[in-house]
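In what follows, chains carry the letters A, B, and so on, assigned in the order in which the sequence lines appear, proteins first and then strands, with residues in each chain numbered from 1. Reckoned from all heavy atoms, side chains included, excluding hydrogens, waters and symmetry mates. Model, not experiment: these values are computed from the prediction.
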There are 2 protein chains.
Amino acid sequence: MTYTEHLIAYYKKVASECISGVSLDCVIFGFHDTKLKVLLLRWKDTKEWSLPGGFIYKAESVDAAAERVLHERTGLNQLFLQQFHLFGDAVRYDQNDTLRRQKMPDLLFGICPDRTITMGYYALVDYTKVTPTADFLSDECVWCDVSDLPSMLYDHRQIIDVALKTLRLQLNWQPIGLNLMPEKFTIPELQRLYETVLGRPLDARNFHKKITGLSILTRLNERRTGGAHKSPYLYHFDRVNYEKALINGNLIFV
Amino acid sequence: MTYTEHLIAYYKKVASECISGVSLDCVIFGFHDTKLKVLLLRWKDTKEWSLPGGFIYKAESVDAAAERVLHERTGLNQLFLQQFHLFGDAVRYDQNDTLRRQKMPDLLFGICPDRTITMGYYALVDYTKVTPTADFLSDECVWCDVSDLPSMLYDHRQIIDVALKTLRLQLNWQPIGLNLMPEKFTIPELQRLYETVLGRPLDARNFHKKITGLSILTRLNERRTGGAHKSPYLYHFDRVNYEKALINGNLIFV
DNA sequence: GCAAAAGTGTTCCAGTTACACCCATGT
DNA sequence: ACATGGGTGTAACTGGAACACTTTTGC
């Protein structure tokens, strides 16, 4: 099968087996090297990027479809994954321009519906555990810095903006730290995450006092060595206490 | 046209002109007589109730469709209306049971899609300004107390539960008071609203101090007379300051 | 030894909570 | 007159914000 045949077969399959006119897109956040990242796909033979997304089988739960997409792109299961907005404008983007930038064959114009609404999900994942995996529509799947995004297809730039806004709002109420950090991490690293999401510096003493005061962290008998300076302690989350603190609404950072 | 003919014509029109397999439902909140209310429809010739809902035309924005539904049932425009959850489970409710309870003619079984996902919206309206208006599928459209809901079709009971949970979470950040209260109201009335939504009593002195301290209320030279006791002052919202306080994140009630 | 990051405690202020009495009104 | 809800102030407490110095490490 040529790429074009593959493409047409895929969209025909979607048209017959999936809910028509509805898609979903995942904004997958990771944190690495003091930067907040999102996982993006580069469309085959182009320099155009898009969010990992997909369609919903006629008898499939929408949340399950999002998990499926996420699993295919990251290799991970049981992720923190949440709906954040339905993008349902009558005209979300310039469809002809998008198809042209995607280098889609004209044949597809008849197969794709005129207008699609998309459910936005955001996911928080441990950067170190992800194996970014491209799909057959894409040349590559890579982490991109949210503050330095490439040219995006569709309205995916706006979708990322809304996801970021939601992330900031929910930082205080959701287990953001738990899901974005690796197993073991230092308090300054966690602080960098909070600073990155909130977009402003935090006082190290207050941060330390507060985060340890919640008793959701356990200090390990290990330090992160190899840095040029004093070795910080490694911690890991105490998931049980973390859940408790969330339920009690104690996790508030301002 | 008989009712059955009308019904079939409607669902055929929906099948041809609307996005198939997708609907929206509105949880319309009002506040009256110290009770939080939702607007419900009683299905024709039955004792079964449902939320006002509808379908999305193929070239219509989903938000616009929600506004349309809301306008048709309340007569109001420019309402506080917000997405809160996409209900997308593979099996949301027992479809045969529901059709039976709705007394739908068997003819419809072929027209309606097997499975529908629905976008949940919630609206906050001024009870006194609403003219509840039934549609042709319903015998009546009335306000029901959220703590005393009748037998509901579909998964609408769960949808209301999720809407209520969202309302409680957003009480501190959204202009709940502004949208649920009439033009003029007293502070004790507003306190009843907050108490009702939060589900617990608040201290009158602290509430008064706090709400007036935000300078989002203007005291009028009028009092509410006719009550059996001391006449409370009437207030109205200062919308400009209200917006400011929201932006600054000052509107927090705990 | 030196530059840079990690670790730690105290004080101050603001905002929340708890609490009691007098006033106005309709019955 | 009286019962009921409306209106108001103060004191204690809690949690967040501001702030500086010592320790450790690799270079």
Does the distance from a Lys or Arg side-chain N to an Asp or Glu carboxylate O, for A/R192 and A/E189, drop under 4.0 Å? no

Distance check: side-chain N/O of B/K210 vs OP1/OP2 of C/dG15, anything under 4.0 Å? no

Minimum-distance nucleotide (side-chain atoms of A/A228 versus C/dG7, D/dG6, D/dG26): D/dG26

Check whether any side-chain heavy atom of B/L153 lies under 4.5 Å from a side-chain heavy atom of B/Y93, and answer yes or no. no

Ignoring hydrogens and angles, does a donor from either the side chain of A/H229 or the base of C/dA4 sit under 3.5 Å from an acceptor on the other? yes

Rounded to the Å, how far apart are B/K230 NZ and C/dG26 P? 13 Å

One character per nucleotide, please: for nucleotides 8-13 of chain C, 5' to 3', B when the base has a protein heavy atom closer than 4.0 Å, S when only the sugar-phosphate does, - otherwise. BBB---

B/D203/B/R205 salt bridge by N-O under 4.0 Å criterion: yes

Which of parallel (below 30°), tilted (30 to 60°) and perpendicular (above 60°) describes A/F29 and A/Y122? perpendicular

Donor + acceptor pair across side chains of B/T118, B/S23 (<3.5 Å): yes

Check this for me: A/E183, atom CD, are more than 12 non-hydrogen atoms of other residues, nucleotides or ligands nearer than 6.0 Å? no

Note down the inter-axis angle between the two ends of the helix from C/dG1-D/dC27 to C/dT27-D/dA1, five pairs each, to the nearest 10°. 10°

